[in-house]
Amino acid sequence: MGMKFRPARLGVVFLGDRLWGALIQQNRADTFVIEAENPATALRAELDARGRAPRTVAIGLARAAVTVKPIDLPPIGGEVRDMVKFELERHLPFPADDAPFDFAPLPPEADSGAAAARRVLVTAADRRVVDAAVKLAEDAKLRPVSLTVATHDLPALVRTDPKQRVAWIHRSGDRADLLLLRGSAIVLSRSVPADDAQLAPEVRRSFTVARWKSCDAVWASGDGAASATAALQALGAPVTPPPYTPRARQRLAALGEGPRGALELALAVASGRGIRPLDLLPASMKPRRLTRHQWITVGMAAATLVLSLAALLVPGIREQYRLGRLSAEIRRLDPEVRAVERVLGDLERKRQLLATAATLERAAIRPLPVLRELTEVLPGDAWLTMLAFDAKGVELTGQAAQASALIPLLENSARLERVEFASPVTRGREREQFRIRAAWETLAPAAAAPPAPTPGGRRQ
């Protein structure tokens, strides 16, 4: 009964003017193709005709409809997503202001030893493409749970080796998608011509972008996989079909013979689970899922709870009598102990309050005078993104037309000394990005305190 009522998983792939769909329920997989003027209505009718009622849909886009590029981020600190959004504009062929995007850090092996820069793989799409896909799902009375590049879901069908570099060529119709994998991590994807003569050169060009010299294996799948296998032998790595999992093989067997590249993509999109990499679905629509680290934390908490319960049940029968006597003695002394604990608790709270007040009085940092002075000292073309205080000094992060001109201005402050750059100055668009560290002047605390008024006179 549980198998009967388990909801089906639906994956839909947009390829040209057609929709390629896959329905998965347990080990059963059904596929279909929709070509209609109103695809949302046709999709709903297809699902109703099959007697399936999925509530959600995973959407896959054609690789040619999105931009996927590795980007080197500067070594300066900051929120990675903000840095990616800042760098995105010069990498997209469409307006980047409101473009949906997602990114994933590239494995260290994919970087050719560049220690100063971080590399991420960015996927972005035109807002109109994403809105059209989401609207189609909603018109079909389905809730989107993911919006990915269909090729990026192919690893859900295979077993991967974490140390293996793989070039995966998947052909569907007159186009081929190239996927470079490090284990299950996506390093790069491209849309390349499906011509056999161009496959090997295109893969080699992709190695340069991914900073690879070669790969450990080449996988060929989709339409005409046999002819692609012969063409890819020139890469010098073993060319084989992908190592599909047993469940994936069973589902792929239901596709039958003939053109099946697009249907394999739909099956991969439907097979994906959990948090998918490079998901373009708007954040407000993404389902809430626990990350891998959160699952580890939950598991550790559950293990701790189990161990704690086991520790309580370990004492044997021989200890029961002694524990009963101890429990009776504890119950007799419990009112007195509780009274003592209340007194000790009150004393401890008061002691902590006094210690906190004394600490604040001795080591308080008064930020308002410092902020006022910085506002007066810094020129109008400089602006700060972060200002941090501690007992030793202050750290300023921001941008200015000429960062080196800020050092003498801050040295002249009566509150600061030993002003220096905490990291090298980098040049952005029309501005220099800086991080400056300065120590407090020896007399700064005395200067920060307001002078006592003199009898009979005004405060100076």
Side-chain angles (χ1 to χ4, degrees), residues 71-89 101-106 108 111 114-120 122 283 291 293-294 297 352-451:
I71 294 180
D72 291 315
L73 299 180
I76 60 174
E79 179 64 32
V80 177
R81 189 170 189 85
D82 293 339
M83 296 171 66
V84 171
K85 189 174 183 179
F86 180 79
E87 294 284 338
L88 203 59
E89 182 175 356
F101 73 95
D102 197 9
F103 65 93
L106 285 171
D111 197 334
R118 291 175 291 176
R119 297 196 88 204
V120 296
V122 177
T291 65
H293 298 291
Q294 290 172 334
T297 302
Q352 292 179 355
L353 182 60
L354 289 175
T356 302
T359 302
L360 292 175
E361 184 64 26
R362 289 194 305 268
I365 297 175
R366 299 176 175 83
L368 290 180
V370 178
L371 290 173
R372 186 183 301 111
E373 183 167 344
L374 289 176
T375 303
E376 297 173 353
V377 168
L378 293 177
D381 61 355
W383 52 280
L384 301 180
T385 59
M386 187 177 72
L387 182 63
F389 295 92
D390 58 26
K392 296 181 180 180
V394 62
E395 184 173 301
L396 301 87
T397 303
Q399 298 183 2
Q402 188 175 3
S404 58
L406 304 180
I407 299 296
L409 295 176
L410 295 173
E411 283 283 2
N412 291 334
S413 171
R415 301 177 184 275
L416 304 176
E417 64 179 359
R418 299 196 301 277
V419 182
E420 60 186 8
F421 287 111
S423 63
V425 176
T426 59
R427 184 72 183 180
R429 293 185 299 177
E430 301 179 358
R431 290 179 177 271
E432 294 181 349
Q433 300 179 354
F434 61 85
R435 189 157 65 97
I436 297 176
R437 178 73 182 178
W440 299 117
E441 281 277 6
T442 305
L443 299 178

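Nearest heavy-atom pair, Leu409 versus Pro379, reported as atom, atom and distance to 0.1 Å: CD1-CD, 3.8 Å.
With Gln399 contributing its side chain and Arg431 its backbone, the two residues share no donor-acceptor pair below 3.5 Å. Judged purely by atom type and a 3.5 angstrom limit, Thr397 has no side-chain atom pairing as donor or acceptor with the backbone of Thr385. Checked by atom type and distance alone, the side chain of Glu411 pairs as donor or acceptor with a backbone atom of Val419 at under 3.5 Å. No donor-acceptor pair closer than 3.5 Å links the side chain of Trp440 to the backbone N or O of Val394.
Looking at heavy atoms from C-beta onward, Ser404 lies out of side-chain contact with Val425 at the 4.5 angstrom threshold. Ile407 is listed as a side-chain neighbour of Phe421, based on a closest heavy-atom distance under 4.5 Å. Taking 4.5 Å as the limit, every side-chain heavy atom of Val377 sits out of range of all side-chain heavy atoms of Asn412.
One distance of note links CG of Leu406 with CD1 of Ile436; it measures 5.0 Å at 0.5 Å rounding. Taken to the nearest 0.5 Å, the CZ atom of Phe101 stands 4.0 Å off from the CZ atom of Arg81. Considering CG of Leu371 and CG of Leu384, their distance stands at 9.0 Å, rounded to 0.5 Å. The distance from atom CD1 of Ile71 to atom CD of Glu87, rounded to the nearest 0.5 Å, is 7.0 Å. In this structure, the separation between CZ on Phe389 and CG on Leu396 is 8.0 Å, given to the nearest 0.5 Å. Note that the NZ atom of Lys392 and the CZ atom of Arg437 stand 8.0 Å from one another [nearest 0.5 Å].
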Apply the test side-chain contact (heavy atoms from CB on, under 4.5 Å) to residues Val370 and Leu387: give CA-CA distance (whole Å), side-chain angles for both, the deciding distance (0.1 Å), then the verdict. CA-CA 11 Å; Val370 178; Leu387 182 63; 5.7 Å; no
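Each salt bridge (Lys or Arg N to Asp or Glu O under 4.0 Å) pair with one or both residues in residues 371-388, not counting sequence neighbours, appears once here: Glu373-Arg415.
Other residues, nucleotides and ligands place no more than 12 heavy atoms under 6.0 Å from the CD atom of Glu430.
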